[in-house]
Amino acid sequence: MPEESNKRQRDELLTIDEVAELLKVPVATLRKWRTSGNGPQGFRIGKYMRFRRSSVEDFIATLEAGANQ
């Protein structure tokens with residue numbers, strides 16, 4: 001069961017405000033990254049932007065890997 005709970009948590013949908021808070025950046029910065037093709041991968045549900053927690057974690061890991069080179 002813990003594995004299923006972990007998978008569910010990684011697939012959790014986050015709002016743009018939640019992602020900005022998690023990354024400790026202003027929402028405007030996150031929007032700028034999105035329009036320039038940078039930043040975590042997100043998608044629209046109607047007019048609302050959503051991000052999978054796993055995509056945000058992958059984005060952070062990619063930045064960390066680049067910083068360690």
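- Annotation: side chain of E18 is not in contact with side chain of V56 (no heavy-atom distance under 4.5 Å).
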Acceptor/donor pairs from residues 35-47 side chains to any protein atom, 3.5 angstrom cut, sequence neighbours excluded:
residue	atom	partner	partner atom	Å
T35	OG1	R31	O	3.4
T35	OG1	K32	O	3.0
S36	OG	K32	O	3.1
S36	OG	W33	O	3.1
S36	OG	N38	ND2	3.1
R44	NH1	K47	O	3.0

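- Between L23 atom CG and L30 atom CG the span is 6.5 Å, to the nearest 0.5 Å.
- Between atom CZ of residue R52 and atom CG of residue L14 there is a gap of 10.0 Å, rounded to the nearest 0.5 Å.
- Note that the CZ atom of F51 and the CZ atom of R34 stand 5.0 Å from one another [nearest 0.5 Å].
- To the nearest 0.5 angstrom, L13 atom CG is 11.0 Å from M49 atom CE.
- Between atom CZ of residue F59 and atom CD of residue E64 there is a gap of 11.0 Å, rounded to the nearest 0.5 Å.
- Every salt bridge (Lys or Arg N to Asp or Glu O under 4.0 Å) that D58 has, sequence neighbours left out, goes to R10.
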